[in-house]
Amino acid sequence: MTNNNDNNSNNSNNNNNNNNKISNILNEKIQSAFKDVLEYKGFSVDVFKSMKLNKIGYGYIEFEVTVTRELTNTLEGLHGGATATLMDGIGAFSYMCTQENQKELTFGVTVNMNINYITGATIGDKIIIKAQVEKLTKTLCFSKATVEKAEDGTLISTAQIIYKVPPKLYSKL
């Protein structure tokens, strides 16, 4: 995973009052957690392996990936399951971007995900996956995720995701 930007985000939809910055330590922990996900070789690794980190901030994260054959259906369009996996995984990382004072980072557990598929992408298209924490309580994290074409910003998909906030050290990643 490469990081093209510093730890600031210029996302105009961010309503966070922490001016969207995270410490370099949290930035490094999140990048390390992403590497751990790839090394785990679980379900998500095939979808995440070629992603590139574009932006990171408090409660916000953005990745870019080129649609490859492995991410498509038999019509050579971006598979809905791959899209859902991208948004769910990146949404979980947006939650991690709120854990500035945690010794170890934890993922939330998805309890609900509502997806709207708007248009498609095909092999070779570069897509941007963005996730933003909209609300965080003691037990739940509410995130919004989007997938759009990098070329022109065409919206491909949106999701509202709710994560159960785990007890401390719930996840070792």
Side-chain angles (χ1 to χ4, degrees), residues 1-5 9 11 13-14 27 29-57 59-98 105-134 140-166 170-173:
M1 173 178 71
T2 48
N3 184 352
N4 285 343
N5 293 11
S9 171
N11 182 11
N13 295 327
N14 184 3
N27 188 336
K29 284 182 179 180
I30 290 168
Q31 291 191 48
S32 176
F34 190 81
K35 288 177 186 173
D36 289 345
V37 167
L38 295 179
E39 289 173 8
Y40 178 71
K41 306 242 185 265
F43 173 75
S44 310
V45 73
D46 288 335
V47 178
F48 292 166
K49 67 183 174 187
S50 58
M51 290 181 19
K52 179 175 60 174
L53 178 63
N54 282 349
K55 295 180 184 176
I56 188 169
Y60 178 83
I61 196 159
E62 177 183 309
F63 284 87
E64 179 179 311
V65 68
T66 300
V67 177
T68 60
R69 184 171 183 82
E70 294 80 18
L71 300 178
T72 63
N73 55 32
T74 57
L75 301 174
E76 296 188 346
L78 180 62
H79 192 286
T83 304
T85 301
L86 288 166
M87 289 190 294
D88 186 31
I90 301 314
F93 274 95
S94 73
Y95 165 62
M96 291 177 84
C97 290
T98 66
L105 302 181
T106 60
F107 288 107
V109 177
T110 307
V111 295
N112 187 45
M113 185 169 173
N114 182 24
I115 305 171
N116 298 297
Y117 296 100
I118 300 162
T119 191
T122 57
I123 294 174
D125 286 344
K126 286 189 179 189
I127 59 173
I128 305 290
I129 308 95
K130 302 176 183 179
Q132 172 72 51
V133 172
E134 294 186 318
L140 296 173
C141 174
F142 298 82
S143 289
K144 177 182 180 181
T146 60
V147 177
E148 58 189 49
K149 290 185 179 179
E151 179 181 39
D152 61 7
T154 299
L155 192 59
I156 295 170
S157 189
T158 65
Q160 295 290 329
I161 313 165
I162 303 171
Y163 300 96
K164 172 76 172 137
V165 173
Y170 182 81
S171 171
K172 296 293 182 186
L173 291 179

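Just the heavy atoms: all of them, side chains too, but no hydrogens, waters or symmetry mates, feed the values below.
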Between [X] and [Y], what is the shortest heavy-atom contact and its length?
X    : Y    : value
I128 : E64  : CD1-OE1, 3.6 Å
L86  : I129 : O-CG2, 4.0 Å
S157 : I115 : OG-CG2, 3.4 Å
I161 : M87  : CD1-O, 3.5 Å

Assess whether a salt bridge exists between E134 and K144, defined as any Lys/Arg side-chain N lying under 4.0 Å from an Asp/Glu carboxylate O.
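No, this pair does not count.
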
Exercise. Any donor-acceptor pair under 3.5 Å linking the side chain of Y60 with the backbone of A131?
Worked result: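 Such a contact is absent between Y60 side chain and A131 backbone.
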
(message) Is it the case that the side chain of Y95 and the backbone of V133 share a donor-acceptor pair, with hydrogens and angles ignored and the cut-off at 3.5 Å?
(response)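 Not a single qualifying donor-acceptor pair exists.
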
Kindly indicate, with the supporting measurements, whether the criterion salt bridge (Lys or Arg N to Asp or Glu O under 4.0 Å) is fulfilled by K126 and E151.
CA-CA 7 Å; K126 286 189 179 189; E151 179 181 39; over 6 Å; no

Can you tell me how far apart [atom1] ([X]) and [atom2] ([Y]) are? Round to the nearest 0.5 Å.
X   : Y    : atom1 : atom2 : value
L53 : I90  : CG    : CD1   : 8.5 Å
E62 : T146 : CD    : OG1   : 8.0 Å
I61 : M96  : CD1   : CE    : 8.5 Å

>> Side chains of S143 and S94 only: does a donor on one sit below 3.5 Å from an acceptor on the other?
In response: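 Result is yes, a qualifying pair exists.
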
Test applied, side chain to side chain contact (heavy atoms under 4.5 Å, CB included); reference residue, R69; option that passes from V67, T72, L71: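 Going through the options one by one, the only one that passes is T72.
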
| L78 pairs by side chain to side chain contact (heavy atoms under 4.5 Å, CB included) with which of N73, D125, I127? |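 Passing option: I127.
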
